Structure formats: C-alpha cells, structure tokens
**Q** 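Here it is, the structure in full.
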There are 4 protein chains.
Amino acid sequence: MGAGKTKRMPRAVREQQMLDAAVRIFGQRGYMAASMDEIAELAGVSKPLVYLYLNSKDDLFTACIRREARALTEAVRAGVLPGLSADGQLWSGLRAFFDHTARNPDAWRVLHLHARTHGELFAAEVAVMRAEIVAFVTHLIAAAARDAHRDPHLPEGEVAGLAEALVGAAEALADWAGATEGVTAKQAAATLMNFAWAGLGDLMTGRPWSPPEEPEAAPAPETAPEATTAPEPVARAASAQAG
Amino acid sequence: MGAGKTKRMPRAVREQQMLDAAVRIFGQRGYMAASMDEIAELAGVSKPLVYLYLNSKDDLFTACIRREARALTEAVRAGVLPGLSADGQLWSGLRAFFDHTARNPDAWRVLHLHARTHGELFAAEVAVMRAEIVAFVTHLIAAAARDAHRDPHLPEGEVAGLAEALVGAAEALADWAGATEGVTAKQAAATLMNFAWAGLGDLMTGRPWSPPEEPEAAPAPETAPEATTAPEPVARAASAQAG
Amino acid sequence: MGAGKTKRMPRAVREQQMLDAAVRIFGQRGYMAASMDEIAELAGVSKPLVYLYLNSKDDLFTACIRREARALTEAVRAGVLPGLSADGQLWSGLRAFFDHTARNPDAWRVLHLHARTHGELFAAEVAVMRAEIVAFVTHLIAAAARDAHRDPHLPEGEVAGLAEALVGAAEALADWAGATEGVTAKQAAATLMNFAWAGLGDLMTGRPWSPPEEPEAAPAPETAPEATTAPEPVARAASAQAG
Amino acid sequence: MGAGKTKRMPRAVREQQMLDAAVRIFGQRGYMAASMDEIAELAGVSKPLVYLYLNSKDDLFTACIRREARALTEAVRAGVLPGLSADGQLWSGLRAFFDHTARNPDAWRVLHLHARTHGELFAAEVAVMRAEIVAFVTHLIAAAARDAHRDPHLPEGEVAGLAEALVGAAEALADWAGATEGVTAKQAAATLMNFAWAGLGDLMTGRPWSPPEEPEAAPAPETAPEATTAPEPVARAASAQAG
DNA sequence: GATGAATGAGACTTCATTCAT
DNA sequence: TATGAATGAAGTCTCATTCAT
C-alpha cells in the first residue's frame, strides 16, 4: 500500500526518503510521540528496513538533527554575502535564516523544539549548531564595534549575552512568522534588524535602520512590493556603508 | 518508601505536593517521557491517589501549566512598579521575569519547552500567558513612543513583531542564564535592556542604556556587587525621567 | 453532595437503599462493569458504609439476587389464585410474572441476564429460584394431565423439557415485552398462554385458548380496553373449567 | 510456552486461532471478566500480536460475535430442507439449531448470554442475527397458516409474539440441553416441536405432533435409537401434509 | 453511625525492536 | 534488497478494599 511497489532503490536514495519522513513525523509529533511505524509507513518502506539503514530510533533522530542542522547552517552561510559591512552581513544572514525556516517548518521544529526537549545527547547536537551561529553573530558584533572605532568597549561576557539575545529573538520571530498568516521572511528579518541594530529607543526617536539596496531580483527598488519595515528612508550613518 | 510514612494529609496539601513533583518530573523529562509512576513516587504517594485528585496525565500537565503560568505572570506583574516610565517598567518587569525563571527552572522548562512541544491544547494554555506578556510589552512600547512625542509612528503590525522579538530574546536569555554558570538574573536583565532599548548601534557608539537607581536593597550604588552591564553612566535622555 | 446530608438512618433502611441502588446499577451495567463507587453514590452514602453493611461486592450482588428472586417468586405465588383449574392457574401466574418483570426491569435483568452470566455461585442462586418456578409449572402440567384423565401419559423427562420450554418462552417474552413499545404484560401473558396451551397447530385451525372471566377489576368484560389475543371466543373444552 | 514454539504461521490461520481462543474464554468468563492475557496465552501467541491482528478487546469480541452468529445462522439455514411443509421445515431447522449449539457451547454462551449482557453495540450485533431467525420462524408460521387455508387469521403483532415465544423456548431448551446430562439435540428438538405445534392441550389429550420420516441416515425407522418424544404415531391432520 | 484518605493489584494498550525468509 | 511475523517491556488508568478518625 501507500506508494505501491517502488521497490529496489539504491540505499542512498532510500535513506533520504526515510529521513524526509522522519523529519516530518518528528517535527509534528515530537520525539517520543513519533512512532517508527508511522515513519516507516510515510517513507513507504517496511520497518525492518528502517532499522537496517538507520539502526535505532535514537540514531534516526540524531541523523535528522545532523542533516537539518547542517542544512540550516549552510543556508545561512551561503546567504551571508562576504565583503559587506557588519550590518549588511547580519541582514543577509537573517534573510537566509528566515527563508530557510519558513520553507522547512518541520525541520525547524525538530531543531528548535524537539531536539532541545529530549535528552542531553540530542540537545548537544543542536547546541553545536547553535553555538556556531552564536559565534558568527558574536563575530559580527565585534566586527561592527571595530568598524565604529570603539575598541573592545563591550566586555567579553556582555557580547555573549547580546548574541544570545539576538539569536533568541531570531528564533522567536521564526516561530512567530511561521505561525502568523501574512508575515513574510523578509518582514521578519527587517523587524529584527531594526530591533537589534537601532533599538527601541532609536526607533522611537525616528531613526530606524534601513536595509541596503537589493541587487538580487527586485528590478524596481522604488516601489517595494512587500511593505518593508522602514517607513522613513532616513538612513543612520552606521548603516550607510557607502557613505 | 520515599519520605517514610507522612500519611493522611488534607487534600489541598497533597495536591500541591503532587503538582510540585509533577512540575519537577515534567520539567526534566518532558510530557511524554515523564511517567506517572515517577511522579507519584516523588510526591510520596501511590499512583491511584494522583489519579483520584488530578484525574489524568493530561489534566495533571494542564494543572501544572496553569499553576506555573499564573505564578510567572503574577511574579512579573508584582515586579513591575507602577508610576515608572516605560523603560523603568520594562526594566523592573525583566528583573522579576529573570528572577522567577532562575528560581523555578523546572517550571520554566515546562512552560517554555514542553508545553509548546506537545499538543495544541497544551500550547494553547501557554499561548494565553505569553499573549498576556506580549500584550504588556506591546503596551510599554506604545507608551514609550507616546512619551517620545512620536505619535503612532510605528505601525501596528510592526509593534507586534518588536514585542515578539523582545519576548523571544528574554526567553532565550532566561534559558541562557539558567544554563550558564555565573550569569545572574540582574545581568541578564541588564543585557536585554541594553539590547532592546539602545540597540547594537547605540551600544557600539557608547551610548548604552543605564538602569535607574535601586531603592530596594542596595544602599551603596557606587560599588555594584555584581558587575552590571552599563560601564558608563552616560544615561540616555529618555531614561532619565527625573532630569 | 448528592442527597445532601440525610444522615443517621436506621440500618435496615440504609441497607434497602443500598440494595435499591445496587440492583439498578447491576441491572444496567452487569456485575463486572458496575463499580462500588457508583453504587455508593447512587445510594447516597460513602463507600465504606456499603462495605460495613454488605461486606463485599460479591455479597452485595448475592443479596440483590436473593432479594429480587424472593420478590419475584412471591409475586408469582401471590398471583396464582388457588382453586382454579390448571390453565387458570397458569394464566394467573403468567399475569403476575409479566407484571412483576415489567415493573422491575432492572431486577429482571439482574436475575435473568447478569446473575447467570457471572460465576457458578451467582448462577446457583438464581437456579434455585428458577427451579422453583419450573417445578411449579411441572406440577401444573401434571395436574392438567390428570384432569384430562390421561394418566402418566407424558414421560417424566418429557414433562421437564416442556416446563423448560414454557419457562424459557416466558422469559423471552418478558424481555420482548420490556423492549417493545406498546406490548402490555397482559398481552404477553395471553400470547404465551395461547402458544403453550393451544399450540400453533390449534391456533391455525381456529381453536385458540381463551382467558377466563376477570373478576378482579374490569367491570365491563364485553369491551376489552387492551385488545387481547383471542379474537374468537370459541373456548376450547379443556379451558371451560365450569363444564 | 503452552504449545511449545509453533511459530510463524500465516496471518489468516493465526487469526482463527485467536478467535477460537477468544470464543472459549469469552464464553466461559464473559466479556469483562475475560482478560486479553488469558486469551493470548490460550491462543499460543503474545498479547501484542492479538492487538496487531484484532485491534482491541472490543473489536475482538465483535469479531467473535460476527463469526459465531454467521456460523449459527448458516448452520440453521443449511439444516432447513427446502420443499418441506412448514412443520417439516421447522423441525429440520430446530434439529440443526440444537445440534450446532450443543456442539459449540462456548459460542452459544457468547451469543446468547454475554453479547446481550454488555453494551448496546454488542447486543445490536446479535440482535441482527436473532431478528433473522425470528423472521424465518414468523415466515414459517404464516406459511403454515396459509397451508391450513386460514387466511390472515392471526393478527400481525400476534405472530411476532408467537415467534418470540418459540425462539425463546428454543434458546431455553438449548441452555437446558447443554446443562443437562443425557438430553440429546434430537430430543430437545422433538420436545420443542411438540410443545410448539401441538400445544400442551393437545399433548394431554393424546394428539402429539410426530416427526416426519427421516430419509437422512436412519434406515430402520421402527426402532428409534434415541427414544423420541412421540409415543403414538397418531399424526395430526395438519402435519400430514400428503393428506 | 459515617467518612475522607489511601493503596495493591491488575486491566488494556502501545512501542521499539528482532527473527526467518 | 526487503519484509511478514512476532514479542518483552512499559505505560496509563481503574477498581475493590481498608485505615484512622
């Protein structure tokens, strides 16, 4: 039943099918509530085959986490355009992050929700990925500080906290964008960028951060199709990298 | 077994003991991995009594969520000192929030991690609490905007996103403070306050937000026992309401 | 809760309340599915009191069976008018039987359904009652045979079988009357009387049995309010006891 | 354990083994008192396999009822010889009925006792079967009435009652034959046939019904191996179909 | 006379996992 | 490569029954 008799596929392909199914089921049910039966059925194979290839429920979950963690970091890494200023890099990284999470909601749930919920071992897997991202953000913050000619003004531990806050805000907005109708990845990124870079204080005194020109696809920059966050093009000095 | 034979307690007391045990077990294992056996044992009663009083695993979990959600919101509500400026209120609220989560790590895990992980019904329970907090933050942001004489400058939806980001950052910092040795609630609050109010941009140009005078306990403000975040007492205008 | 605080009743009264509740619950749920909790609640007392007075679930069930079996046999015994001919006695006994079962459906279910379903010991209790009734019917049949001047024409074992059949038919009709709207006890009795006394053969050749005059309550015998079974008053010789 | 290790049987076979065991246990203990453990053990398999194949205790019970109800109706249907007169058909049907119930006492208990005792849904399952049999009997009675040239002499509702009485008597006799040493299916059938067709009145005046010639197995009809009920071959007019 | 508090035992059900083919 | 057949272990929940007051 299911997909009929699509038998005899090469191992690598079958494995990916299984992981696809597993990510979906794990993402929707959580680790414990997911059953190997359901995963095998969704993958269109028999349960013993899942065990033959992936060994155990634990290993299967770990494999899911690894694959999706790698996919997410790669997506962000690929999204960050080198050579930009710190805020430009952050902006592009956030865009990539929100794009990826929006496109892979189950994977995002696995990483953000379920992996942290169940067991130190699984949590450690994601912790590695998260640490990598936090490190990247930390580096960006430090770089920005250098750009501002302000030597190690921010103490070590403080920067770590700031990076945590930034990443946490990003995660919450990813959840929020995923749950709220009509919020695009771009809007989420812009909101976060404003929040993080300008801060509420500046936002309220009318000095929001504004995104750089988009060289990617949009041919007509003067009419933003999706209303972005910055109502006033009064760019702050720090973000005007060409200035 | 367990605590010997502390038998025949009035129902109300026993129920609280059970909830205490349940929050602990649920917080450490998650909903599904927690077993009623373990909870009953930790509570020092037999399993049937748990069912007699709390009805089912679902109901027990819901009762935990409700009790802890109420406790957290009450703590925050009680922590926010009325009559302060917007940033003063935010600061005091954050202090209370980080204090409470630091003191009740299992409850925090139940609310933030496990309740959202398992089932729409449980998620809905916390969603109510979270919405309440988000609403409070939203209100603060709007009030601050008014204080800054900038009428509805920030569009509706945008404020919602900012509140989400702020709350998300707070949640992440609560996790982080709970997991990192040597990070106090006060530090976490200060870090977040800086991040949110001043923004990275201002932080790097040397204009951090600074907390108001603490009339509560600290008699000597010039020597902060726990090194707070604000290295330079160059208060921003908005926060210096007395000025 | 429940019936408020109707406390301090004499033991005999309380016991009957408990038996009433038990018969109702047992009758509706069966022995195993009935719970002592439910019985105690319906009786308006606490569970320990039920145990204090009736000792155990088994004993409670046995007490129900005994009380209701005695009530049924007494009702039938009281209904059979002495001095009548055999068919007159059978007719009056059936009337009493169908009346009682119709008025006490739960008791009837306990005796006929549940007591026989659960355990040799309970079955033995009803078996005694049933044997008594079967013996009575057997006696009637034998008496009728004597009246017909046909000495032991029907062999011993055969009469036992006939009595079983007659009682079985009565039981089935009691169930049927209880389940079918608009079938009165009297109709059921008449149907069975016809079936048993005349037999299908005679019924179809137009010689049904007809009930004797009713001296009890009905003042106008020419207009039967409930259409009885005998459409043709062609009484058979055997039933005309006055002849 | 049990029957050693008769492992790896095709599913269809195992299912029948499980149903066999279930009918036996259910028949002896009743629905509620039967435990899945016991059934699985008697079937020689582990409990999970029972659940894998039959899904739940409810479903297992329903499967038992369906299988046995079908078996019983088929047995009766197959036993009724077409082309016979009404009484001939009734006689052959009763023979088949008593044979089947005598040979399958547990199945009979399940259908007659336990299925009606527990839950409307189970009762409905048997009700269908019983209704089918009652309808058959009703049809026979009506056919006999036509044969006797007596047009709709018996009113509609009355025939229903008669059929109920007849079926009820059959059920009681099946129980009785099953419980009484030395009562054969044939004797039970003959007793009921006499009772129903001739009626007590005729029986006592010496005009019993007599069974038709047995073309099946008995070569010597003059010496009945099992003493049948009819002592005198004085056939009644209605039963002598050839005139 | 009456009950709130408490539990040992056992029921149904599910799941991850493995043979044997 | 792939699977139908099978199970040990564990989990949630209910129930009859008893103390201690």
Side-chain angles (χ1 to χ4, degrees), chain A residues 5-11 13-14 32-40 44-53 55-60, chain B residues 5-11 13-15 32-40 44-60, chain C residues 5-11 13-14 32-40 44-53 55-60, chain D residues 5-11 13-15 32-40 44-60:
Chain A
K5 284 285 189 180
T6 340
K7 299 227 271 194
R8 305 281 151 167
M9 321 247 317
R11 170 160 183 159
V13 177
R14 270 280 143 87
M32 291 241 67
S35 92
M36 296 296 273
D37 272 287
E38 207 176 359
I39 292 171
V45 297
S46 71
K47 233 184 330 176
L49 200 60
V50 179
Y51 279 87
L52 187 62
Y53 284 177
N55 212 45
S56 77
K57 195 185 184 182
D58 265 41
D59 287 4
L60 173 57
Chain B
K5 284 283 187 179
T6 338
K7 302 229 267 190
R8 304 279 148 166
M9 321 249 316
R11 174 169 180 153
V13 177
R14 269 280 139 86
E15 269 187 18
M32 291 240 70
S35 92
M36 295 298 274
D37 272 291
E38 205 176 1
I39 290 171
V45 295
S46 70
K47 223 184 337 171
L49 202 59
V50 180
Y51 279 90
L52 188 60
Y53 286 174
L54 274 319
N55 215 42
S56 76
K57 196 184 186 183
D58 262 44
D59 285 5
L60 174 57
Chain C
K5 285 284 188 178
T6 339
K7 299 227 271 196
R8 307 280 152 166
M9 319 247 319
R11 170 159 184 162
V13 177
R14 269 276 144 84
M32 291 243 70
S35 92
M36 296 297 273
D37 273 287
E38 205 177 0
I39 290 171
V45 297
S46 73
K47 231 184 331 175
L49 200 60
V50 179
Y51 278 88
L52 186 62
Y53 284 179
N55 213 45
S56 77
K57 196 185 186 186
D58 264 43
D59 286 4
L60 174 57
Chain D
K5 285 283 191 179
T6 337
K7 300 230 266 191
R8 302 282 149 164
M9 321 248 317
R11 173 169 181 154
V13 176
R14 269 279 139 89
E15 269 187 17
M32 292 242 69
S35 95
M36 296 298 273
D37 273 288
E38 206 176 0
I39 291 171
V45 296
S46 71
K47 223 182 341 171
L49 201 60
V50 179
Y51 278 88
L52 187 61
Y53 286 176
L54 274 320
N55 216 44
S56 78
K57 196 185 185 183
D58 261 46
D59 285 6
L60 175 57

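Just so it is clear, the model here is predicted, and its values are computed rather than measured. Excluded from the calculations below are hydrogen atoms, water molecules and symmetry mates; all remaining heavy atoms, backbone and side chain alike, are included. Numbers restart at 1 for each chain; the letters A, B, ... are given by sequence-line order, proteins then strands.
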**Q** Minimum heavy-atom separation for A:Met32 and A:Lys57, please, with both atom names.
**A**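 What the structure gives for the nearest pair is O-NZ, 3.5 Å.
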
**Q** What is the distance, to the nearest angstrom, from the CD atom on A:Glu38 to the P atom on E:dT17?
**A**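 In whole Å, E:dT17 P lies 16 Å from A:Glu38 CD.
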
**Q** Once you round it to whole Å, what is the distance between C1' of F:dT17 and CG of C:Leu60?
**A**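 Going from CG in C:Leu60 over to C1' in F:dT17 covers 14 Å.
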
**Q** Heavy atoms, side chains only, cut-off 4.5 Å: are A:Leu60 and A:Met36 in contact?
**A**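 Yes, at least one pair of side-chain atoms sits under 4.5 Å.
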
**Q** Would you mind reading off the distance between D:Glu15 atom CD and F:dA6 atom P, rounded to a whole angstrom?
**A**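 The distance from CD of D:Glu15 to P of F:dA6 comes to 11 Å, rounded to the nearest Å.
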
**Q** Using atom NZ of A:Lys57 as one end and atom C1' of F:dA10 as the other, report the distance to the nearest whole Å.
**A**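 For the pair A:Lys57 NZ and F:dA10 C1', the rounded distance is 13 Å.
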
**Q** Counting only heavy atoms and a strict 4.0 angstrom limit, can you tell me which residues of residues 46-55 of chain B come near DNA chain F?
**A**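 Only B:Lys47, B:Pro48, B:Tyr51 qualify.
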
**Q** What nucleic acid atoms does C:Arg11 come within less than 4.0 Å of, heavy atoms only: base, sugar-phosphate, or nothing?
**A**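 Nothing: the residue C:Arg11, judged by heavy atoms under 4.0 Å, touches no strand.
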
**Q** Between E:dT3, E:dT13, F:dT3, which nucleotide has the shortest distance from any of its atoms to the side chain of A:Val45?
**A**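 Nearest listed nucleotide: F:dT3.
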
**Q** What integer distance in Å separates B:Met9:CE from F:dC19:C1'?
**A**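 It is 17 Å, rounded to the nearest whole Å.
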
**Q** Looking at the side chain of B:Arg8, which of F:dG4, F:dA20, F:dT3 is the nearest nucleotide?
**A**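 Nearest to the side chain of B:Arg8 among the choices is F:dA20.
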
**Q** For A:Asp58, what residues pass the side-chain contact (heavy atoms from CB on, under 4.5 Å) criterion, not counting sequence neighbours?
**A**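 In terms of side-chain contact (heavy atoms from CB on, under 4.5 Å), with neighbours along the sequence ignored, A:Asp58 is linked to A:Tyr31, A:Ser56, A:Phe122.
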
**Q** Using a heavy-atom cut-off of under 4.0 Å over every strand shown, decide if C:Ala34 touches base, sugar-phosphate, or nothing.
**A**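 Sugar-phosphate only.
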
**Q** Could you summarise the pairing of DNA chain E as dot-bracket text, marking Watson-Crick and G-U pairs under 3.5 Å with ( ) or [ ] inside the strand and | across strands?
**A** .||||||||||||||||||||

**Q** Between atom CE in A:Met32 and atom P in E:dT14, what is the gap in whole Å?
**A**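 Going from CE in A:Met32 over to P in E:dT14 covers 15 Å.
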
**Q** What is the separation between atom CG on D:Asp37 and atom C1' on F:dG8, rounded to the nearest whole Å?
**A**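 Those two atoms, CG and C1', are 13 Å apart.
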
**Q** Side-chain atoms of residues 44-52 of chain A: list all donor-acceptor pairs with protein atoms under 3.5 Å, sequence neighbours left out, distances to 0.1 Å.
**A**
residue	atom	partner	partner atom	Å
A:Lys47	NZ	A:Asp37	OD1	3.3
A:Lys47	NZ	A:Asp37	OD2	3.2

**Q** Is the phosphate of F:dA2 approached by A:Arg14 (side-chain N or O, under 4.0 Å from OP1 or OP2)?
**A**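 Yes, within the criterion.
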
**Q** Distance to the ring centre below 6.0 angstrom and angle to the axis at most 45 degrees; does that hold for D:Arg14 and D:Tyr53?
**A**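 Not flagged: D:Arg14 not positioned over aromatic ring of D:Tyr53.
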
